[in-house]
Amino acid sequence: RQLMPLTTNIAESSNITQQRNSSSNISLHNLTVALNLTIQEKDLFIEFNEGQNWMTNPELLRLFTNTMPLWEQDTLAFFINRLLNEMKSNKNISELEQERYLRVFENYLAVCYNRKLSKKSLQLMHVPKIIDYIMESKPTIHFLLYKIAALYLKNLFLNNKEEAQKIRNEVQKYGYQDLIKTWPK
């Protein structure tokens, strides 16, 4: 099984998060959704913080990737930083494992962008380090699209919308419209 790059329905997750964080018009339904998300997040935290080594378990990595929009930003950054430090210290990562981590990091960058974090928060949330890690990964054909996605997201973070659009157009021009349809705009 493979992790899917940027597969989480970010718009749907953002709507849930906005509902959870909204202070006006809190209905019983919204309150129930918020309570369920809080319980799910605590269960997820326990799953990733105890026992099983989620960093080397493909199923747990997939779960982590797909649930990123549900996590509080500080908690998500904590686990991403742990993963990044593990990857930097491990020199014997297979290409398949590294590709899994690149997918996780790509999704993380998209979640951070969609949350519209401040420039200071981007530093605290390890965004520049993640982009650097992706860009410095082995120069293999398998990692090319992750590097392009990281460059695209970097331009979005820097508010270089015109440059980001050029990247998006080039990727689409070469037939990868399915890839970019999940990219944030």
Side-chain angles (χ1 to χ4, degrees), residues 1-14 16-17 20 36-117 120-154 156-157 179 182-184:
R1 296 182 190 172
Q2 290 186 347
L3 295 174
M4 304 284 281
L6 298 174
T7 57
T8 303
N9 185 336
I10 301 297
E12 180 180 314
S13 298
S14 270
I16 291 170
T17 302
R20 185 173 76 181
N36 286 336
L37 286 174
T38 302
I39 291 168
Q40 289 172 356
E41 184 177 329
K42 287 180 182 175
D43 290 343
L44 287 171
F45 186 85
I46 291 167
E47 182 76 26
F48 290 103
N49 208 33
E50 292 184 0
Q52 302 179 27
N53 190 352
W54 64 275
M55 290 184 230
T56 57
N57 182 324
E59 304 228 349
L60 287 177
L61 277 170
R62 186 178 310 105
L63 176 64
F64 178 67
T65 301
N66 291 333
T67 60
M68 281 183 189
L70 303 176
W71 292 86
E72 293 293 326
Q73 188 63 42
D74 290 340
T75 305
L76 181 57
F78 168 77
F79 284 114
I80 284 293
N81 193 47
R82 281 179 57 187
L83 182 62
L84 181 62
N85 288 336
E86 179 67 25
M87 299 311 95
K88 285 182 172 181
S89 67
N90 186 347
K91 302 300 179 197
N92 296 320
I93 300 174
S94 72
E95 196 168 305
L96 176 62
E97 288 172 314
Q98 190 172 6
E99 187 171 4
R100 285 182 188 133
Y101 304 132
L102 291 176
R103 286 184 189 129
V104 171
F105 293 146
E106 179 185 341
N107 274 286
Y108 177 71
L109 292 174
V111 167
C112 288
Y113 179 76
N114 284 324
R115 290 182 176 176
K116 306 293 185 219
L117 302 177
K120 182 178 179 184
S121 292
L122 293 176
Q123 292 292 329
L124 295 173
M125 298 304 141
H126 319 292
V127 168
K129 292 191 301 187
I130 297 292
I131 291 171
D132 289 345
Y133 178 81
I134 294 171
M135 297 307 289
E136 293 167 4
S137 62
K138 297 176 190 172
T140 69
I141 194 72
H142 296 107
F143 301 160
L144 180 61
L145 292 177
Y146 299 104
K147 290 181 178 195
I148 292 170
L151 187 58
Y152 172 77
L153 286 159
K154 179 179 181 179
L156 288 180
F157 284 121
L179 174 73
T182 59
W183 284 4

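Below, all heavy atoms of this structure are taken into account, side chains as well, without hydrogens, waters or symmetry copies.
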Q: Tell me the closest heavy-atom pair linking Pro69 and Arg115, and the distance in Å.
A: O-NH2, 3.0 Å

Q: Using a 3.5 Å distance criterion without hydrogens, assess whether the side chain of Thr75 forms a donor-acceptor pair with backbone atoms of Trp71.
A: no

Q: Which residues pass the side chain to side chain contact (heavy atoms under 4.5 Å, CB included) test with Ile134, not counting sequence neighbours?
A: Leu102, Phe105, Leu109, Ile130, Tyr146, Lys147, Ala150

Q: Can you name the closest pair of heavy atoms from Leu156 and Pro184 and give their distance?
A: CD1-O, 3.6 Å

Q: Quick one: closest heavy-atom pair of Leu76 and Met68, and the distance?
A: CD1-CG, 3.6 Å

Q: Under 4.5 Å between any side-chain heavy atoms of Leu83 and Tyr108, yes or no?
A: no

Q: Hey, could you give me the CD1/CD distance between Ile93 and Glu99, rounded to the nearest 0.5 Å?
A: 13.0 Å

Q: At what distance, to the nearest 0.5 angstrom, does CG of Asn107 lie from CG of Asn66?
A: 7.0 Å

Q: Counting N and O atoms only, with roles assigned by atom type, does the side chain of Tyr101 sit under 3.5 Å from a partner on the main chain of Met55, one being a donor and the other an acceptor?
A: yes

Q: Quick test of your reading: applying side-chain hydrogen bond (donor to acceptor under 3.5 Å, both in side chains), list the pairs with at least one residue in residues 132-141, sequence neighbours left out, ordered by first then second residue.
A: none

Q: Can you name the side chain to side chain donor-acceptor pair (under 3.5 Å) partners of Ser121, sequence neighbours left out?
A: Ser118

Q: Is a side-chain N or O of Glu97 found less than 3.5 angstrom from the main chain of Ser94, in a donor-acceptor match?
A: yes

Q: Taking all heavy atoms of Pro128 and all of Leu122, pick out the closest pair and write down the distance.
A: CD-O, 3.4 Å

Q: Within the 4.5 Å heavy-atom criterion, are Arg103 and Thr65 side-chain neighbours or not?
A: no

Q: Heavy atoms, side chains only, cut-off 4.5 Å: are Trp183 and Glu106 in contact?
A: yes

Q: To the closest 0.5 Å, what do you measure between CG (Leu84) and NZ (Lys129)?
A: 6.0 Å

Q: Restricting to ring-ring contact (aromatic ring centres under 6.0 Å, His included), what partner residues turn up for Phe143, sequence neighbours left out?
A: none

Q: Can you tell me how far CZ of Arg100 sits from CZ of Phe64, rounded to the nearest 0.5 angstrom?
A: 15.5 Å

Q: Should we say atom NZ of Lys116 is surrounded by more than 12 heavy atoms from elsewhere, each under 6.0 Å from it?
A: yes

Q: Using the test side chain to side chain donor-acceptor pair (under 3.5 Å), find all partners of Lys88 that sit at least two apart in sequence or belong to another chain.
A: none

Q: Would you indicate whether the side-chain heavy atoms of Val104 and Leu61 approach each other to under 4.5 Å?
A: yes

Q: For Asn85, check side chain to side chain contact (heavy atoms under 4.5 Å, CB included) against everything at least two apart and list the hits.
A: Asn81

Q: Under 4.0 Å between a side-chain nitrogen and a carboxylate oxygen: does that hold for Glu86 and Arg82?
A: no

